Amino acid sequence: MVGPFVVLFFAVYLIPLGYSLVRSLFKKQSSGLGIGPSTDVFVGLDNYAEVVTSSTFWAGIARVFSYGLIQIPVMLVLAMGIALLIDSEAARARGFYRLATFLPYAIPGIVASLLWAYLYVPQLSPVVQLLQSWDLSIDLLGNRVVLFSIANIAIWSWAGYNMIIYSSSLQSIPREIIEAARVDGASEWTLAMRIKAPLIKGPIALTALLSTIGSIQLFSEPIVLRTVTTAVGAEWTPMMLAYNATFAANNFELGSAVSVVIALIAGVLAVVYRKLSTRGSES
């Protein structure tokens, strides 16, 4: 039963990872005037040195961290609020609202970005036209706002996914605890804040961790919006830098190094977050 998983794990994870690690230690050099055949030259950590000394790379890291500070709290609070509302005693048509909230997650990220790009472009967007009718001039694709616009796409796409996790976790809380609190006179707000939310701290920590790792890998939304705004450059995020180095500049070795550094940063963040959450639960 474990065999298929092991085969796929090696085929789609360990082998590509090992190949990227190996390629990141080489560079291709051409003989003569650059028109001869290229050869692989072992350069050790030179590609990594180029990555960690690149101002473009660290500017992209700063952007994805800023994006995460905006997107993650809003998305998780929204998902938790919807899950608690659906789980409340007064809720009706739970299945409908659960499905309606989850549906945006079923839309592929590229398609969702295209849909929102239509709502952001001033010449086409009914939202922008409505704001202009109220004498509000906001460029949703401008340099100062585009980060929020990208975060909005991710919130819309992923809030339903996290809501399903929270809703399922809330369903696993013993009903005896909830009924006992109601008998003691607890309101729905007290139940939500004092009983339900603290009892699903594990799933909350898990979704926060996965969202943090996902923020580091931000790619689909900005790569689509780049086609409609100059505020997003070709190397706007670290993943876009790796993509551009690999496929635009045909520098697979540098792209591999960028990808490995991104993976290391995500791994360090995961370990740090895990340590902090474990320490918080122990205290």
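Note that these values count all heavy atoms, side chains included, but never hydrogens, waters or copies made by symmetry. Nothing here was measured: the structure is a model prediction, and the numbers come from that model.
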Exercise for review: Give a yes or no on whether the backbone of Leu85 and the side-chain of Ser88 come within a donor-acceptor separation of less than 3.5 Å.
Suggested key: yes
**Study point:** Check: Thr212 side chain, Ala208 main-chain N or O, donor-acceptor pair, under 3.5 Å
**Key:** yes
Practice item. In sequence, state the C-alpha distance, the side-chain angles, and the governing distance for Trp236 and Leu147, and then conclude on side-chain contact (heavy atoms from CB on, under 4.5 Å). Key: CA-CA 11 Å; Trp236 200 72; Leu147 188 67; 3.5 Å; yes
Exercise for review: I would like to know whether Lys27 and Asp46 meet salt bridge (Lys or Arg N to Asp or Glu O under 4.0 Å); could you show each step before the answer?
Suggested key: CA-CA 9 Å; Lys27 277 188 177 180; Asp46 286 1; 5.5 Å; no
Check your understanding: Got a sec: does the CZ of Arg144 have more than 12 other heavy atoms crowding it under 6.0 Å?
Key -> no
Point to revise | In one Ile/Leu/Val/Met/Phe/Trp/Tyr side-chain cluster, 4.5 Å: Leu119, Leu140 | key: yes
Review point. Is a side-chain N or O of Thr229 found less than 3.5 angstrom from the main chain of Arg226, in a donor-acceptor match?
Key: no
Point to revise | Single-linkage hydrophobic cluster, 4.5 Å side-chain cutoff, Met75 and Leu206 together | key: no
Review point. When you look at Ser157 and Tyr105, which way does the side chain to side chain donor-acceptor pair (under 3.5 Å) test go after all the steps?
Key: CA-CA 5 Å; Ser157 299; Tyr105 173 72; over 6 Å; no
Review point. Within the side chain of Arg94, is there an N or O that forms a donor-acceptor pair under 3.5 Å with the backbone of Ile86?
Key: yes
Check your understanding: After noting the C-alpha distance and the side-chain angles of Trp156 and Ile107, does the key distance pass the side-chain contact (heavy atoms from CB on, under 4.5 Å) rule?
Key -> CA-CA 10 Å; Trp156 182 80; Ile107 299 175; 3.6 Å; yes
Check your understanding: What do the steps show when you test Leu210 against Thr207 for side-chain contact (heavy atoms from CB on, under 4.5 Å), and what is the final call?
Key -> CA-CA 5 Å; Leu210 295 177; Thr207 54; 5.7 Å; no
Check your understanding: Around Tyr13, counting heavy atoms of other residues, nucleotides and ligands shown, do more than 12 lie under 6.0 Å from its OH?
Key -> no
Point to revise | Steps toward side-chain contact (heavy atoms from CB on, under 4.5 Å) verdict (Ile61, Phe57) | key: CA-CA 6 Å; Ile61 289 292; Phe57 175 79; 3.9 Å; yes
Point to revise | Euclidean distance, Ile150 CD1 relative to Leu225 CG, rounded to 0.5 Å | key: 5.0 Å
Review point. Is a side-chain donor or acceptor of Ser220 paired with a backbone partner of Gly109 at a separation under 3.5 angstrom?
Key: no
**Study point:** Separation between CZ of Phe26 and NZ of Lys28, rounded to the nearest 0.5 Å
**Key:** 10.0 Å
Check your understanding: In Å and rounded to the nearest 0.5 Å, what is the CD1 to CG distance from Ile173 to Leu199?
Key -> 4.5 Å
Exercise for review: Take Phe102 and Tyr161 through the ring-ring contact (aromatic ring centres under 6.0 Å, His included) test and state the conclusion after the steps.
Suggested key: CA-CA 6 Å; Phe102 180 75; Tyr161 170 82; 7.5 Å; no
Check your understanding: Counting heavy atoms not belonging to Tyr97, are there more than 12 under 6.0 Å from its OH?
Key -> no
Distance-only check: which donor-acceptor pairs under 3.5 Å involve side-chain atoms of residues 186-195, not counting sequence neighbours?
from   : atom 1 : to     : atom 2 : distance (Å)
Ser187 : OG     : Thr190 : N      : 3.2
Ser187 : OG     : Thr190 : OG1    : 3.1
Glu188 : OE2    : Arg182 : NE     : 3.4
Glu188 : OE2    : Arg182 : NH2    : 3.1

Exercise for review: Examine distances only and state if a side-chain atom of Ser66 and a backbone atom of Ala62 form a donor-acceptor pair shorter than 3.5 Å.
Suggested key: yes
**Study point:** For Thr246, side-chain contact (heavy atoms from CB on, under 4.5 Å) partners two or more places apart
**Key:** Phe252
**Study point:** Polar contact flag, side-chain donor to acceptor under 3.5 angstrom, Asn47-Glu253
**Key:** no
**Study point:** Within residues 118-142 or reaching into it, pairs that qualify as side-chain hydrogen bond (donor to acceptor under 3.5 Å, both in side chains) - sequence neighbours excluded
**Key:** Tyr120-Asn152
Point to revise | Single-linkage hydrophobic cluster, 4.5 Å side-chain cutoff, Val272 and Ile262 together | key: no
Point to revise | Verify same cluster id: Val74, Ile164 (apolar side-chain graph, 4.5 Å) | key: yes
Point to revise | same_hphob_cluster(Val260, Val43) at 4.5 Å side-chain heavy-atom cutoff | key: no
